[in-house]
Amino acid sequence: MLEYNLPRYLPSAEELPDSDETPVDNELQELIPGLLKAILLILWSERMDWLFAIDMGIYYHPDKPPIVPDGFLSLGVERFYDEELRPSYVLWDENVVPIFVLEVVSQNYRKEYTTKLDEYEALGVLYYVIYSSRRRRKPHLEVHKLVNGKYELQEGNPVWLPEIGLGIGCERGNYCGVMREWMYWYDEQGQRYLTPAEQIKQEVQRAQQEAQRAQQETQRAQQAEERVQQLTEQLRALGIDPDNLG
């Protein structure tokens, strides 16, 4: 539960803007969290207790501007609460702090490694993830975990997130027709989960293999039938009735 010193009367999500109205300055800020969400929609298709939001305002006080990460994940919340979906994420309504927040560093640095890190730390976000493909001397991916109220940088790629039951990492792949480094979810053994397009391709390949096996079985059955006919004709040529071989 949240413990904030809030005013008595609080606005609802419908009364608050859904973002800070600041446009993204790089398409990757939408595509990278969009890919993570698309994979979750497959992995957790039967679950209704999670929300992965993209460029949605997180309101922690009615008189202060929202924090708007590129993407965030909350667990233990309603997947949908009406057909209009959420316009924003209001902490005093949800009573759940996001467990995972993602910031994609763009050409215009937005203090992802300083001010935002402090903000998410103060908010109590368990995992703060920063991705920048432009870094040269440091890893592109940083995963910070909240330990005793302070963020500690986690080692590795991917990094296993036990509280979520997924790993997060980055590697080269193809998404939306673009071959580059992307962020993905991973299992506990470090195996990457497939994108929707990859999963469809895999299912098509399986269907093709099954059809090929069925075709081969049909061909073998036809060949066996033809062989029986040939042997039957040979028996008749020898004056043997193939129907009375017993």
Side-chain angles (χ1 to χ4, degrees), residues 1-4 6-7 9-106 110 112 116 119-120 122-131 161 163-166 168 175-176 178 182-185 193-200:
M1 295 293 290
L2 301 176
E3 296 181 0
Y4 287 110
L6 296 172
Y9 300 104
L10 298 169
S12 65
E14 291 74 22
E15 298 168 307
L16 296 167
D18 58 359
S19 75
D20 61 357
E21 304 301 329
T22 301
V24 297
D25 53 18
N26 190 305
E27 193 176 4
L28 292 176
Q29 290 174 260
E30 293 180 346
L31 289 178
I32 288 176
L35 173 55
L36 293 176
K37 182 174 183 176
I39 297 172
L40 282 183
L41 287 170
I42 297 174
L43 290 178
W44 292 351
S45 61
E46 302 300 320
R47 291 180 57 174
M48 299 300 291
D49 63 343
W50 63 278
L51 168 71
F52 193 98
I54 300 171
D55 194 32
M56 179 182 288
I58 300 174
Y59 283 90
Y60 61 97
H61 194 286
D63 298 328
K64 296 180 181 180
I67 300 173
V68 188
D70 292 318
F72 70 85
L73 172 66
S74 284
L75 300 180
V77 299
E78 293 177 292
R79 180 74 184 86
F80 312 105
Y81 60 79
D82 64 31
E83 63 184 18
E84 297 299 324
L85 308 182
R86 287 174 174 82
S88 57
Y89 192 84
V90 181
L91 288 182
W92 55 86
D93 285 342
E94 305 286 353
N95 286 315
V96 176
V97 174
I99 193 170
F100 172 101
V101 162
L102 169 66
E103 292 285 359
V104 179
V105 181
S106 63
R110 299 171 298 161
E112 286 87 353
K116 287 192 174 183
E119 289 177 341
Y120 294 129
L123 197 61
V125 174
L126 183 59
Y127 289 105
Y128 174 41
V129 180
I130 313 171
Y131 174 76
L161 316 176
E163 296 82 359
I164 299 176
L166 295 170
I168 189 71
Y175 179 59
C176 292
V178 179
W182 295 99
M183 289 184 63
Y184 299 96
W185 299 110
Y193 285 109
L194 300 179
T195 68
E198 289 171 339
Q199 189 171 73
I200 292 173

The criterion is ring pair (Phe, Tyr, Trp, His ring centres under 6.0 Å); which residues satisfy it with Y193, sequence neighbours excluded? none

Less than 4.5 Å apart, side chain to side chain, heavy atoms only: is that true for V77 and Y89? yes

Which pair of heavy atoms, one from R86 and one from M56, lies closest together, and at what distance? O-CE, 3.4 Å

State which residues pass side chain to side chain contact (heavy atoms under 4.5 Å, CB included) with E112; sequence neighbours excluded, sorted by chain then number. E103, V105, Y109, R110, K116, Y128, I130

Using a 4.5 Å cut-off on heavy atoms from C-beta on, say whether the side chain of L35 contacts that of M183. no

W44 CH2 to L75 CG distance, which is reported to the nearest 0.5 Å: 5.0 Å

To the nearest 0.5 Å, atom CD1 of I32 lies from atom CG of D70 at 8.5 Å

Only counting residues at least two apart or in another chain, list the ones meeting side-chain hydrogen bond (donor to acceptor under 3.5 Å, both in side chains) with E163. Y127, K145

Going by heavy atoms in the side chains, are W182 and L31 under 4.5 Å from each other? yes

Donor-acceptor pair, side chain of W185 and main chain of L36, under 3.5 angstrom: yes

Is there a side-chain contact between F52 and L41, using heavy atoms and a 4.5 Å cut-off? no

Measuring from atom CG of L51 to atom CZ of R79, what distance do you get when rounded to the nearest 0.5 angstrom? 6.5 Å

Decide yes or no for F80 and M48: does some side-chain heavy atom of the first lie under 4.5 Å from some side-chain heavy atom of the second? yes

Heavy-atom closest contact (P196 atom, A38 atom, distance): CG-CB, 3.8 Å

Spatial distance of atom CD1 (I99) from atom CG (L161) [nearest 0.5 Å]: 8.5 Å

Only one of L102, V129, I58 passes side-chain contact (heavy atoms from CB on, under 4.5 Å) with P69, and that residue is I58

Residue pair W92 / P62: nearest heavy atoms and the distance that separates them: CH2-N, 3.4 Å

Report yes if the side chains of L91 and P98 come closer than 4.5 Å at any heavy-atom pair, otherwise no. yes

Find the distance between CD1 (I54) and CD (Q29) and round it off to the nearest 0.5 Å. 12.0 Å

I'd like to check F100 versus L126 (side-chain heavy atoms, cut-off strictly below 4.5 Å). Are they in contact? no

Give a yes-or-no answer on whether the side chains of T195 and Y175 include a donor-acceptor pair shorter than 3.5 Å. no

Taking all atoms of both residues into account, what is the closest heavy-atom pair of P33 and G71, and its distance? CB-CA, 4.3 Å

